[in-house]
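Encoded as structure tokens, the structure appears first; notes follow it.
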Protein chains: 2
Amino acid sequence: MATLYFRLNPHLYLRDPQQTELGQKIISASVRLIDTLGFEQFTFKKLAEDIDSTEASVYRYFENKHRLLQYLVGWYWTWLEYRIDLFTSSLPSPQEKLKACIKVVASEKKFDDTFEFMDEEALHRIVVSELDKTYLTKQVDSDNREGLFGGFKLLCKKISAWVSEINPGYAYPHTLVSTILLTAKHQIFFAEHLPSLTDLNNTTTRHQQLETFLESLLIKTIT
Amino acid sequence: MATLYFRLNPHLYLRDPQQTELGQKIISASVRLIDTLGFEQFTFKKLAEDIDSTEASVYRYFENKHRLLQYLVGWYWTWLEYRIDLFTSSLPSPQEKLKACIKVVASEKKFDDTFEFMDEEALHRIVVSELDKTYLTKQVDSDNREGLFGGFKLLCKKISAWVSEINPGYAYPHTLVSTILLTAKHQIFFAEHLPSLTDLNNTTTRHQQLETFLESLLIKTIT
DNA sequence: CCAGTTAAGATAGCATTACTATCAAATAAG
DNA sequence: CTTATTTGATAGTAATGCTATCTTAACTGG
């Protein structure tokens with residue numbers, strides 16, 4: 001069988017975790033652990049114990065836990081772009097593409113068994129809670145120079161191009177798109193933890209509401 | 001002289017830092033240090049050395065550095081609401097209030113010498129870089145129960161009420177307002193560090209552009 | 001003015017974290 | 001079969017995030 005494989009920026013890791021058994025165990029276990037413990041409480045020691053390996057071995061794959069998080073988030077953006085391509089490639093107009101795109105961005109992520117070692121639902125929860133931590137650091141500029149945020153930037157660029165196709169005169173396509181991508185995560189977090197900051201309620205229709213909100217935000221702003 | 005004093009949620013501190021000299025030194029120095037070092041590199045030990053005091057003394061004011069950050073951000077939201085009140089109270093219509101409000105939210109913060117111990121410009125930079133860290137933690141729910149995010153929530157509620165006044169049928173006033181408040185910070189960060197995620201350029205007109213973007217986002221979405 | 005409370009400084013200590021380094025065992029590749 | 005590579009095992013270290021205790025300084029009420 002043909003396995004789908006995402007080629008991520010090599011600066012994100014020391015040894016490619018997708019290539020080895022230990023590497024894949026590190027990914028699966030870290031997703032599960034960060035999801036349950038939160039990123040601050042997560043350590044390489046706990047991870048190593050969890051997979052019956054050692055701290056030293058984990059350090060051979062990732063420089064530190066922050067890089068590991070950046071790797072996971074990088075994987076997430078690549079995966080999201082892949083899904084957006086899937087649902088938009090057949091659509092003729094940028095309007096339809098944007099709507100389908102919003103649908104993917106706002107949707108509850110269902111388990112995608114294309115990738116055995118990745119629990120996409122847990123990863124989605126991690127992105128909701130930890131995404132901002134990947135770039136809100138003092139090293140953001142050097143990290144950026146190494147291209148560690150390429151996944152996010154690429155996706156933002158692609159969607160912004162559709163916006164500009166619809167309204168070439170609109171001055172803030174990237175600003176608008178990055179706002180929408182971030183808002184999709186933040187509002188889910190608020191619905192779960194700080195409900196007075198949102199109108200989304202914490203139910204099954206939550207993602208439908210988010211989609212409605214984001215779509216009207218996008219469409220009304222650019223037309 | 002009558003000094004303006006913000007009454008913040010007492011759960012934010014152990015001893016009120018506004019009341020004592022040491023407390024005020026802790027605030028001033030921590031703002032300066034977090035601004036230069038970043039929150040991760042900032043420690044109570046460095047802070048204590050900086051103000052020629054001891055770690056133990058700092059711990060008598062704040063449970064830990066995370067609470068101190070929450071205190072600073074709480075102070076910021078209270079201060080922002082105070083400024084918004086200042087610029088909107090005389091305006092008759094919610095439309096005008098919202099526009100003035102966006103102006104305050106998007107504006108470059110100029111030093112406000114009403115508060116001697118607070119460097120508002122540095123604090124603003126801290127909020128841009130560290131705001132999300134105040135609630136993106138595993139303890140967010142218990143922190144929220146203690147009312148630690150009251151400043152943000154109150155401001156969001158006030159502005160949302162204006163939105164609902166203009167369009168009572170709009171279903172997402174809080175979602176829209178919290179998005180705008182966060183976006184104001186994130187886009188400044190992007191302009192400085194991840195320019196391909198924004199169209200704001202890193203110049204003096206940056207805040208004017210941000211204001212234009214936010215205003216059109218808000219007005220077009222609710223009308 | 002003295003007694004008593006409170007704030008602050010001084011110092012010590014401790015478990016955990018975030019690494020780094022070294023060496024040996026297992027395994028896979030030529 | 002030998003050699004390079006990967007992993008495991010173990011040790012160690014500086015910094016972090018506290019907690020505890022003791023003393024001195026200051027200020028407060030009677």
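Quick note on labels: first sequence line is chain A, next is B, and so on, each numbered from 1.
The nearest whole Å value for the distance from the CZ atom in B:F44 to the P atom in C:dA8 is 14 Å. Going from atom CG of A:L37 over to atom C1' of C:dT17 covers 14 Å, rounded to whole Å. Note: NZ (B:K46) to C1' (D:dA15) measures 9 Å, nearest angstrom. Rounded to whole angstrom, the span from the CD atom of B:E49 across to the C1' atom of C:dG9 amounts to 14 Å. Taking atom CD of B:Q41 as the reference point, atom P of C:dA18 lies 12 Å away to the nearest angstrom. In this structure, B:F42 places its CZ atom 16 Å from C1' of D:dA15, rounding to the nearest Å. Distance B:F39 CZ to D:dT16 C1': 13 Å, rounded to the nearest Å. Distance NZ (B:K45) to P (C:dT16): 20 Å, rounded to an integer number of Å.
The two residues B:G38 and B:E130 have their closest heavy-atom pair at CA-OE2, 3.9 Å.
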Exercise. Which letters describe nucleotides 24-30 of chain C, given B = protein heavy atom under 4.0 Å from base, S = only from sugar-phosphate, - = neither?
Worked result: -------

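Under the 6.0 Å distance and 45° angle rule, A:K103 does not count as a cation-pi partner of A:F87. Taking the ring centre of B:F39 as origin, the terminal cationic atom of B:K133 falls outside the region bounded by 6.0 Å and 45° from the ring axis.
Proximity of residues 51-71 of chain B to DNA chain C (heavy atom under 4.0 angstrom from any strand atom) is restricted to B:S53, B:T54, B:A56, B:S57, B:R60, B:Y61.
Using cut-offs of 30° and 60° for the angle between ring planes, the B:F189 and A:Y135 rings count as tilted.
Residues A:L217 and B:L176 are in side-chain contact: their nearest non-hydrogen atoms beyond the backbone lie under 4.5 Å apart. Between A:T179 and B:F213 the shortest side-chain heavy-atom distance falls below 4.5 Å.
Residue A:K46 places its NZ atom among more than 12 non-hydrogen atoms of other residues, nucleotides or ligands, all under 6.0 Å distant.
When the side-chain nitrogen and oxygen atoms of B:R15 are compared with OP1 and OP2 of C:dA8, one or more of them lie within a distance under 4.0 Å.
In this structure, B:K157 contributes its side chain and A:L197 its backbone to no donor-acceptor pair below 3.5 Å.
The aromatic ring centres of B:Y61 and B:Y13 sit 6.0 Å or more apart.
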